[in-house]
There are 2 protein chains.
Amino acid sequence: MPATEIIERTLARGGYRLTAPRRALLEAMQDLDDHFTAEDVVTAAPEVGRATVFRTLRLMQDIGVVCQVVLDDGSVAYRLTSGGHHHHMVCSQCGAVADFTSHDIEDVLQQLADRTGYEIDAHRLEMYGRCPRCRALPDE
Amino acid sequence: MPATEIIERTLARGGYRLTAPRRALLEAMQDLDDHFTAEDVVTAAPEVGRATVFRTLRLMQDIGVVCQVVLDDGSVAYRLTSGGHHHHMVCSQCGAVADFTSHDIEDVLQQLADRTGYEIDAHRLEMYGRCPRCRALPDE
DNA sequence: ATCCGCGATGAGAATAAGTCTCATTTGCAG
DNA sequence: CTGCAAATGAGACTTATTCTCATCGCGGAT
């Protein structure tokens with residue numbers, strides 16, 4: 001599944017132009033780590049202007065192609081996302097980010113909303129810890 | 001319960017000095033909104049140096065007197081906190097932040113950890129929506 | 001295929017946000 | 001009281017992000 005193609009289609013469907021810089025940035029992001037900062041993208045795509053990187057990052061968030069990951073120190077990174085609502089597991093050892101979803105969590109949050117009288121329309125959940133791979137590694 | 005006093009005691013217990021700037025910053029934070037940015041504190045306590053504000057903000061996070069709130073646009077604000085682990089409800093209309101805890105959530109997350117093989121040692125959950133107060137208000 | 005309008009872009013300046021240095025001050029243990 | 005390591009402040013510095021505006025080029029209309 002050529003992710004780029006899917007994304008390009010999403011762009012087009014949103015009524016956004018499919019420009020060379022946007023294509024270049026998409027490609028750059030796919031070559032980057034599983035999460036990256038705005039600066040990483042600026043560096044990885046030197047032919048694209050600084051302002052355009054920030055503009056494009058925001059645009060891609062709006063159309064749901066890129067999402068934010070809040071790291072455990074409170075800094076925010078970006079990440080290509082295949083789509084819908086999800087949460088993140090961030091490995092505190094190797095730094096890898098994994099997506100996950102859970103009906104149970106959504107259910108509990110819904111109950112919480114009902115109970116407290118809030119009308120929740122979005123939420124954000126990040127978990128920090130060691131991934132199975134790192135746990136299996138010989139201790140430091 | 002004079003929060004300031006409690007906090008000062010916490011500071012002392014941690015082996016940190018109770019200096020005039022720290023006292024001033026605590027007071028400033030209490031006068032601020034229910035959440036505030038570093039810059040807000042800098043402005044609210046002009047007699048305290050910029051660097052000290054950032055240093056103190058970090059210190060207070062370390063000793064658990066201040067916590068971070070991730071707003072829905074991904075920016076991070078700070079907030080005085082009475083203590084332990086909790087999550088946030090952020091009203092998208094009035095901006096107010098409320099703390100909450102839920103055993104159910106912790107349970108579900110623990111199950112998730114067990115199931116996925118992750119060793120979770122921290123997490124962060126923020127919910128965004130309208131608070132009961134704002135919902136009761138006449139529609140715009 | 002060609003044209004044209006407006007959305008998109010780039011360069012670089014401007015602003016915002018956070019960190020660092022280091023000489024000086026000051027809690028507070030003894 | 002005294003000594004000293006922790007804490008501070010001023011302000012330069014670095015890093016992050018936004019803004020401006022002249023120019024460009026995508027893609028719908030023809």
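Chain letters run A, B, ... following the sequence lines, proteins first and then strands; every chain starts at 1. Both backbone and side-chain heavy atoms feed into the values below; hydrogens, waters and symmetry mates do not. For clarity, every value in this text was computed on a predicted model and none was experimentally measured.
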Below 3.5 Å is the cut-off: list the nitrogen or oxygen pairs between protein and nucleotides 12-22 of chain D, distance only.
unit_1	atom_1	unit_2	atom_2	d
D:dT18	OP2	A:Arg58	NH2	3.2

Enumerate the protein-to-nucleotides 27-30 of chain D contacts in which both atoms are nitrogen or oxygen and the separation is below 3.5 Å.
unit_1	atom_1	unit_2	atom_2	d
D:dG27	OP1	A:Leu18	N	3.0

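Using a 3.5 Å distance cut-off with no hydrogens or angles, the side chains of A:Asp104 and A:Ser102 do not pair a donor with an acceptor.
Two residues are said to be in side-chain contact when any heavy atoms from C-beta on lie closer than 4.5 Å; B:Leu109 and B:Ile120 fail this criterion. Proximity of A:Ile105 to A:Val108: side-chain heavy atoms (C-beta onward) are nowhere separated by under 4.5 Å. With a 4.5 Å cut-off on side-chain heavy atoms, A:Leu112 and B:Met127 count as touching. Side-chain contact between B:Val41 and B:Leu32 is present, with heavy atoms from C-beta onward closer than 4.5 Å.
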Show which side-chain atoms of residues 19-27 of chain A pair as donor or acceptor with protein atoms under 3.5 Å away, not counting sequence neighbours.
unit_1	atom_1	unit_2	atom_2	d
A:Thr19	OG1	A:Arg22	N	3.4
A:Arg22	NH1	A:Arg17	O	2.7

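Heavy-atom distances under 4.0 Å link DNA chain C to no residue of residues 60-68 of chain A. Within a heavy-atom distance below 4.0 Å of DNA chain D, the residues of residues 21-28 of chain B found are B:Pro21, B:Arg22.
Although no hydrogens or angles enter the test, the distance criterion places no donor-acceptor pair under 3.5 Å between the side chain of A:Asp62 and the main chain of A:Leu59.
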key: Derivation and outcome, side chain to side chain donor-acceptor pair (under 3.5 Å), residues A:Gln111 and A:Asp107   = CA-CA 6 Å; A:Gln111 286 164 26; A:Asp107 289 348; 6.0 Å; no
query = side chain to side chain donor-acceptor pair (under 3.5 Å) between A:Arg13 and A:Thr10: does it pass, once the steps are laid out?
reply = CA-CA 5 Å; A:Arg13 216 179 304 138; A:Thr10 306; 4.5 Å; no
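We find that CZ of B:Phe36 is positioned 16 Å from P of C:dA17, with the value rounded to whole Å.
In terms of position on DNA chain D, the residue among B:Gly49 and A:Ala20 whose nearest nucleotide sits closer to the 5' end is B:Gly49.
Atoms CD and CD, on B:Gln110 and B:Glu106 in that order, are 9.5 Å from each other to the nearest 0.5 Å. One distance of note links SG of A:Cys94 with CG of A:Leu137; it measures 9.0 Å at 0.5 Å rounding.
A:Asp121 and B:Ser92 make their closest contact through OD2-OG, 4.4 Å (heavy atoms, listed as atom of the first residue, atom of the second, distance).
A ring-ring contact (aromatic ring centres under 6.0 Å, His included) check over residues 60-95 of chain A, counting only residues at least two apart or in different chains, returns the pairs A:His85-A:His87, A:His85-A:His123, A:His86-A:His88, A:His87-A:Phe100, A:His87-A:His123.
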